[in-house]
Amino acid sequence: MVTKTEKIMSIAQKRGFFFPSGEIYSVKAGFWTYGHLGTLLKQRWENLWRKTFLDNPNYYEIEDTNILTKEVFESSGHLKNFNDPLVECNKCKFRFRADQYVEDETGEETEALTTSEMDKLITKHKLKCPECGGELGKTQLFNMMFELKVGATGKDIMHLRPETAQAPYLAFKREFLALREKLPMGLAVIGKAFRNEISPRQGFFRLREFTQAELQIFFDPDTIDETEDWNKIKSYKLRTLLVKERSSKTLKEKTCEQLNKTEKIPKLYISQMVKIQKFYLDVLDIPKEKIRFKEISEKERAFYNRIQFDMEIDLETLGGFREVLGLHYRGDHDLSGHQKGSKTKLEVFLNNKRFIPHVIELSFGVDRNIWNLLDNFFKEEKNRTLFTFPHSLSPIDVAIFPLIRKNNLPEVAKKIFNDLNQDFNCTYDETGSIGRMYRRMDEIGCSTMITVDHQTLKDKSVTLRDKNTMKQTRIKIEKLKEKIKKLFNDEIKFEETGKKV
RNA sequence: GCGCUGAUAGUGUAAUGGCUAACACCUGAGCCUUCCAAGCUCAAAAUUCGGGUUCGAAUCCCGAUCGGCGCACCA
């Protein structure tokens with residue numbers, strides 16, 4: 001039995017969506033190359049993301065280096081928290097967190113201990129393997145961050161960033177001044193992040209080098225329960241799964257007003273949930289029942305996150321709901337940490353008071369979102385497989401074919417290609433029968449196909465085929481551009497809170 | 001890291017110690033063809049790597065590398 005995952009992977013590699021990085025040498029898990037179609041698909045997703053989330057005049061995208069100095073991660077807590085002390089049983093090879101175990105067993109504070117101090121505690125308390133009672137080996141640090149030696153001496157240690165979020169925090173002071181001291185201020189980054197996962201699994205879903213699209217919203221904490229568009233969104237229903245509802249089988253939608261009044265979730269936070277949900281439902285066209293906001297409990301989330309909901313999407317290939325983004329209310333953790341670590345004032349003076357802005361972070365895993373698109377839009381019919389992407393996501397907008405390779409039809413088709421390619425992502429093909437050319441384009445999710453036939457020579461009309469329905473309509477060549485633009489525009493439903501896409 | 005398991009054209013399979021490593025799909029060239037993977041001809045394309053056993057290894061043995069699954073890890 002060929003699984004859906006295998007089918008999608010096969011098409012992805014065969015057609016050029018993505019494939020293992022450097023595979024002509026050897027395949028390493030967690031590193032992938034985007035091929036030409038994958039790159040187009042990813043660009044389209046990213047552009048829709050930009051249009052949706054950077055819709056505020058005080059929200060902008062910035063770009064930072066992937067390599068950052070050690071001090072950044074001392075302040076952010078990554079050097080400490082990403083640095084797990086692991087200990088292994090010599091007998092059964094069970095591996096676990098040494099600090100947590102020692103603390104649980106002895107009640108001693110392990111927060112600031114070195115590995116050798118940890119080992120001393122293990123010896124002192126005669127701790128054994130919790131699984132089999134065997135002797136424990138030496139504690140070793142495992143850091144999820146990639147370390148780099150910079151410069152000739154190799155003494156300067158820098159790190160590949162494990163998240164893009166640090167960029168806006170580091171840029172905060174400059175951008176706050178550059179954007180003339182207004183809050184809320186949004187700084188977004190779409191870029192690479194790097195985590196040295198012990199064993200990345202699930203193909204495309206947990207990577208060592210991956211793309212994040214993150215938006216950090218800086219705001220005055222006193223205004224967290226304010227948002228301009230509240231009247232427009234207060235009766236909008238959000239698909240939330242609260243911690244207390246985890247055991248319930250059916251998801252109960254709640255209006256923004258309910259979440260605000262009953263669950264005490266602040267309005268600014270809720271307004272972002274609305275935007276996110278609309279992005280998935282209206283822009284990306286994901287079926288409603290496949291998405292949910294899962295509330296993350298205090299125990300599960302990082303200590304500095306005061307509120308966290310993850311958007312989860314039901315993915316057939318991964319057997320259930322999987323996280324594709326996190327929405328975090330991080331308080332002043334980040335700016336306070338950097339203010340202390342860098343000895344640079346990151347306080348602002350606004351509204352007649354001095355304070356450190358708080359942060360709400362939207363953190364999307366882009367590659368996971370790409371996988372979601374492939375999973376959710378993959379369809380198999382009797383004689384074909386296709387991706388039913390919305391037009392705005394299709395890697396190729398229009399394909400142009402001559403019905404047969406004769407009678408001047410290819411020349412006419414090429415001319416149309418040259419013309420339309422100015423405005424759309426187009427491709428041209430004349431190899432094989434017309435049916436085969438349609439199938440090829442179906443398989444990569446091309447939106448629209450144009451065929452030049454003998455009638456074209458008589459009356460300058462061509463057929464326009466819709467991928468999803470296979471229906472064809474005849475249209476004059478001169479009307480093509482206008483018609484295709486209209487097709488693409490008509491599908492857009494996202495108008496209330498976001499920019500038109 | 002541990003355990004299990006696997007690695008043959010782009011993809012999916014076959015060859016179980018013996019002929020030039022086979023077949024299908026895909027891809028390319030050509031013929032044919034007036035709308036949904038038609039047909040015909042031709043072509044390109046593979047045994048993960050390193051040792052060993054043997055007259056002879058894709059096949060057996062050892063090692064390495066890498067993948068998948070499970071455990072653990074995933075601030």
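Below, each value reflects all heavy atoms present in this structure, side chains not excepted, and no hydrogens, waters or symmetry copies. Residue numbers begin at 1 in each chain, while the letters A, B, ... track the order of the sequences.
- Across B:A57 and B:A45, the matching C1' atoms stand 23 Å from one another, rounded to whole Å.
- Between B:U47 and B:A21, the two C1' atoms lie 8 Å apart (nearest whole Å).
- Side chain A:R436 to base B:C36: no donor-acceptor pair is found below 3.5 Å.
- In this structure, the nucleotide among B:U33, B:U34, B:A37 sitting nearest to the side chain of A:E443 is B:A37.
- For the pair A:R474 and A:D453, the salt-bridge criterion is met [side-chain N within less than 4.0 Å of a carboxylate O].
- Note on A:R439 versus A:E443: no salt bridge recorded, every NZ/NE/NH1/NH2 to OD/OE distance being 4.0 Å or above.
- A:N66 pairs in a side-chain contact (heavy atoms from CB on, under 4.5 Å) with only one of the listed residues (A:R161, A:E209, A:M158), which is A:R161.
- Summarising the local packing, CD of A:E71 is surrounded by more than 12 heavy atoms from other residues, nucleotides or ligands at distances under 6.0 Å.
- Contact annotation for A:F401: no contact, since no heavy-atom pair falls under 4.0 Å across all strands.
- Between B:C36 and A:R440, no contact under 4.0 Å exists linking OP1 or OP2 to a side-chain N or O.
- Residue A:T451 is the one, among A:T451 and A:G30, whose nearest nucleotide of RNA chain B lies closer to the 5' end (criterion: closest heavy atom).
- Following rounding to the nearest Å, A:L409 (CG) and B:C35 (C1') show an atom-to-atom distance of 12 Å.
- With both ends at atom P, the span from B:U20 to B:U34 equals 46 Å, rounded to whole Å.
- For the pair A:R292 and A:E312, the salt-bridge criterion is met [side-chain N within less than 4.0 Å of a carboxylate O].
- Spacing between atom CG of A:N407 and atom P of B:U34 amounts to 9 Å, rounded to whole angstrom units.
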Bracket notation of RNA chain B in which parentheses pair within the strand, [ ] cross earlier pairs, and | pairs with another strand (Watson-Crick or G-U, under 3.5 Å)
(((((((..((((....[...)))).(((((.......)))))....(((((..]....))))))))))))....

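- RNA chain B is contacted by both A:E197 and A:Q455; A:Q455 maps to the nucleotide lying nearer its 5′ end (nearest heavy atom per residue).
- The minimum heavy-atom distance between A:L41 and A:L393, with the atom names listed, is CD1-O, 3.2 Å.
- In this structure, A:I444 places its CD1 atom 16 Å from P of B:C26, rounding to the nearest Å.
- B:G10 and B:G28 have their C1' atoms separated by 13 Å, given to the nearest Å.
- Distances from the side chain of A:T431 to the nucleotides B:A29, B:C36, B:A37 place B:A29 closest.
- Between A:Y169 and A:F218, the angle of the ring planes goes over 60°, which puts this pair in the perpendicular group of the 30/60° scheme.
- Note on A:Q13: nothing from the nucleic acid sits closer than 4.0 angstrom, heavy atoms only.
- Taking every side-chain heavy atom of A:S433 into account, B:A37 is the closest of B:A37, B:U34, B:C26.
- Picking from B:U34, B:G28, B:C36 the nucleotide with the shortest atom distance to the side chain of A:L403 gives B:U34.
- Out of B:G68, B:C36, B:U34, the shortest distance to the side chain of A:H454 is found at B:U34.
- If you take NE2 of A:H78 and C1' of B:C74, they are 13 Å apart, rounded to a whole angstrom.
- Per the geometry, CZ belonging to A:R384 stands 22 Å off P belonging to B:C25, to the nearest Å.
- Computed from coordinates, the A:D310 CG to B:C74 C1' distance equals 13 Å when rounded to whole Å.
- Between B:A9 and B:A15, the distance separating the two C1' atoms is 15 Å to the nearest Å.
- B:G18 and B:G56: their P atoms are spaced 14 Å apart (whole Å).
- Atom-to-atom, OH of A:Y25 to P of B:A7 comes out at 25 Å; the value is rounded to the nearest Å.
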Kindly indicate, with the supporting measurements, whether the criterion side-chain hydrogen bond (donor to acceptor under 3.5 Å, both in side chains) is fulfilled by A:Q308 and A:D310.
CA-CA 7 Å; A:Q308 179 177 353; A:D310 288 345; 3.0 Å; yes

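- The C1' atoms of B:A44 and B:U59 are separated by 27 Å, rounded to the nearest whole Å.
- Comparing B:A58 with B:A7, their P atoms are spaced 15 Å from each other, to the whole Å.
- For A:S10, whose side chain is taken as the heavy atoms from C-beta onward, the closest listed nucleotide among B:C35, B:U11, B:A37 is B:U11.
- Within 6.0 Å of CD on A:E245 lie more than 12 heavy atoms contributed by other residues, nucleotides or ligands.
- Phosphate proximity of B:G10 to A:R15: absent, as no side-chain N or O sits under 4.0 Å from OP1 or OP2.
- Side chain A:R206 to base B:C73: a donor-acceptor pair is found below 3.5 Å.
- Proximity of the aromatic rings of A:W371 and A:F17 is defined here by a centroid distance below 6.0 angstrom, and this criterion is not met.
- If you measure from atom CZ of A:F17 to atom P of B:U11, you get 17 Å, rounded to the nearest angstrom.
- Residue A:T463 places none of its side-chain N or O atoms closer than 4.0 Å to OP1 or OP2 of B:C35.
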